[in-house]
Number of protein chains: 2
Amino acid sequence: MISQTEENYLKALYNLTYLKGEATVNEISKRLDIKMPTVNSMMKKLSEKGFVHYESYKPLKLTEEGKKEAALIIRKHRLTEMYLVEKMDFAWDEVHQIAEQIEHIHSPEFFTKMDQLLGYPTVDPHGSPIPDHNGVMRSENYIFLDTCEIGDVVTLMAVQPSSKELLQYLNTKNLELGTTLTIHSIEPFDRSITVSYGNRPAEVLSSKVTATLLVRPIS
Amino acid sequence: MISQTEENYLKALYNLTYLKGEATVNEISKRLDIKMPTVNSMMKKLSEKGFVHYESYKPLKLTEEGKKEAALIIRKHRLTEMYLVEKMDFAWDEVHQIAEQIEHIHSPEFFTKMDQLLGYPTVDPHGSPIPDHNGVMRSENYIFLDTCEIGDVVTLMAVQPSSKELLQYLNTKNLELGTTLTIHSIEPFDRSITVSYGNRPAEVLSSKVTATLLVRPIS
DNA sequence: ATATTTTGTTAGTACAATCTAACTTGTTAG
DNA sequence: CTAACAAGTTAGATTGTACTAACAAAATAT
């Protein structure tokens, strides 16, 4: 059995790693507002249970099983948010706290029923994708930046695969998750793309970079 | 703050005492399937917190505050059951396990919304009354047996006030909570009532007894 | 390249909620 | 009325999840 507390750690790790495939003890500590030693020992425990790859002083990763567990919790969270908005008439900004609690309910029938009553939605009220009942996130909404066209306006959602070097490169360009990009031109020769975002001059991104950036078109 | 565990003890105590005003450590132990020493120390803790009257070797009682807390949890449970049946199309026998979990959700708005969507119901799908938002159980459905009429068919719901002697008397008559009674005659002189129930000859109950028995008419 | 800071780990403590074993009090049957 | 049994209590151990203090490793800045 997996406790509510453990579920919260898995979820935090999933969300933190969604971007770059790994996360640190420190990041989890900050996100959950729990001190680092507590996080550290919980990570060892989750490693024992087969949900996390743990090695001393190395960044943390979820195992495939850990990813699935986490995705299923996120599924419950997002289905709940959708249900609260669609069927109970809550505003989109009121539902998070309630969903944080209901996501821990153990009852497959309950969430299956919600899913059914909602007509099997694929995104929650905030546009985030809802994983399916096998924990697979159908990120249909996310596409690689190198598949976009001139004039598209997109939001940076994830980086896959990622490397330290790539993330450092993105930092120097002030490119972070959630940044909204406008595509100005695409160079036919090397497929490099010129984008603008924030209050800064346009930037040119090579195809090596654009092939790793997952974005969501603003539509 | 009151933990989920504490809530379960309060609810158990409320249900056990509803009938006779008090309950024993042993009864709670059996109902929750938790060993007596654990129950004992939890009762002391709840006493510290002002929810329970605890005295060594004496039966347990809820304080007014304890009753209110418990009733509010039961309110959440019964509202949830009603919601699951009415709005989510669950069968009446599928909802208990889910409600056991949802009753612990902390979100006044969530339950207020349920109440509203259900049109402010006063009983749950099993006919049990739903306490109001102040924790007051409007037991309008329960009436004293001495106010019934010939031909009425009723279910014994509670005994108030109760005494050891009265309960022993009821035991000798095989009268227990949930027993369905049919009223055959009422003696005008002393208002004693003749009833039948189960596979046994009719019994005569004195007005002293009938004035303490709370019943729900079967309608 | 080394000193400083940040991050990660270990060790030991605390508290909530559970247990078992042993003892005490209360109840009940001869 | 007392012996036996049931119920209640105390003491001490265990597990899960948190903490602080102290130390170790890694990253960073001068």
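A note on names: the letters A, B, ... follow the listed sequences, proteins ahead of strands, and every chain is numbered from 1.
Atom CG of residue Asn174(B) and atom OH of residue Tyr197(B) lie 6.5 Å apart, to the nearest 0.5 angstrom. Here the straight-line distance linking atom CG of Leu16(B) with atom CD of Glu22(B) works out to 11.5 Å at 0.5 Å rounding. Between the CD1 atom in Ile2(A) and the CD atom in Glu7(A) there is a gap of 5.5 Å [rounded to 0.5 Å]. Taking CD1 of Ile102(A) as the reference point, atom OG of Ser107(A) lies at 11.5 Å (rounded to 0.5 Å).
The interatomic distance linking Met42(A) (CE) with dT10(C) (C1') rounds to 17 Å, in whole Å. The distance between atom CE of Met1(A) and atom C1' of dG16(D), rounded to the nearest whole Å, is 15 Å. Protein atom CD of Gln4(A) is 11 Å distant from nucleotide atom P of dA18(D), rounded to whole Å. Computed from coordinates, the Ile2(B) CD1 to dA16(C) P distance equals 14 Å when rounded to whole Å. Nucleotide dA26(D) holds its C1' atom 15 Å from the CG atom of Asn40(A), rounded to whole Å. Taking atom NZ of Lys58(A) as the reference point, atom P of dA27(D) lies 11 Å away to the nearest angstrom. For the pair Asn26(B) CG and dA7(D) P, the interatomic distance rounds to 5 Å; values are reported in whole Å.
Residues Lys76(B) and Glu103(B) share a closest heavy-atom pair of CE-O, 3.0 Å.
Each of dC19(D), dT7(C), dT18(C) was ranked by its minimum atom distance to the side chain of Thr38(B); first place goes to dT18(C).
Checked by atom type and distance alone, the side chain of Ser29(A) pairs as donor or acceptor with a backbone atom of Ile34(A) at under 3.5 Å. Within the 3.5 Å criterion, the main-chain N or O of Pro108(B) finds a donor-acceptor partner in the side chain of Thr112(B). Judged purely by atom type and a 3.5 angstrom limit, Asn134(A) has no side-chain atom pairing as donor or acceptor with the backbone of Val136(A).
Nucleic acid contact for Ser41(A): none, since no nucleic acid atom lies under 4.0 Å from a heavy atom of the residue. When heavy atoms are screened at a 4.0 angstrom cut-off, Lys44(A) is found touching the sugar-phosphate backbone but no base atom.
We find that Glu81(B) and Arg78(B) are not joined by a salt bridge, their nearest charged nitrogen and carboxylate oxygen being 4.0 Å or further apart.
Contacts between residues 27-37 of chain A and DNA chain C, counted as heavy-atom distances below 4.0 Å, involve Met36(A), Pro37(A). Contact check of residues 5-12 of chain A against DNA chain D (heavy atom, cut-off under 4.0 Å) returns Thr5(A), Tyr9(A).
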Could you go over nucleotides 1-5 of chain C and give all protein N or O partners under 3.5 Å, atom names and distances?
none

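Searching all strands for a Watson-Crick or G-U wobble partner of dA3(D) with both distances below 3.5 Å returns dT28(C).
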Apply side-chain contact (heavy atoms from CB on, under 4.5 Å) to Leu117(B) and Lys87(A), showing your working.
-> CA-CA 10 Å; Leu117(B) 291 170; Lys87(A) 300 296 178 186; over 6 Å; no
Criterion salt bridge (Lys or Arg N to Asp or Glu O under 4.0 Å) on Glu27(B) and Lys30(B), from CA distance to verdict | CA-CA 5 Å; Glu27(B) 286 165 349; Lys30(B) 280 172 185 154; over 6 Å; no
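Residues Ile98(A) and Phe90(A) have side chains in contact (heavy-atom distance under 4.5 Å, counting atoms from C-beta outward).
The residue among Tyr57(A) and Ser3(A) whose nearest nucleotide of DNA chain D is located toward the 5' end is Ser3(A).
Under 4.0 angstrom from either OP1 or OP2 of dT9(C) there lies at least one side-chain N or O belonging to Tyr54(A).
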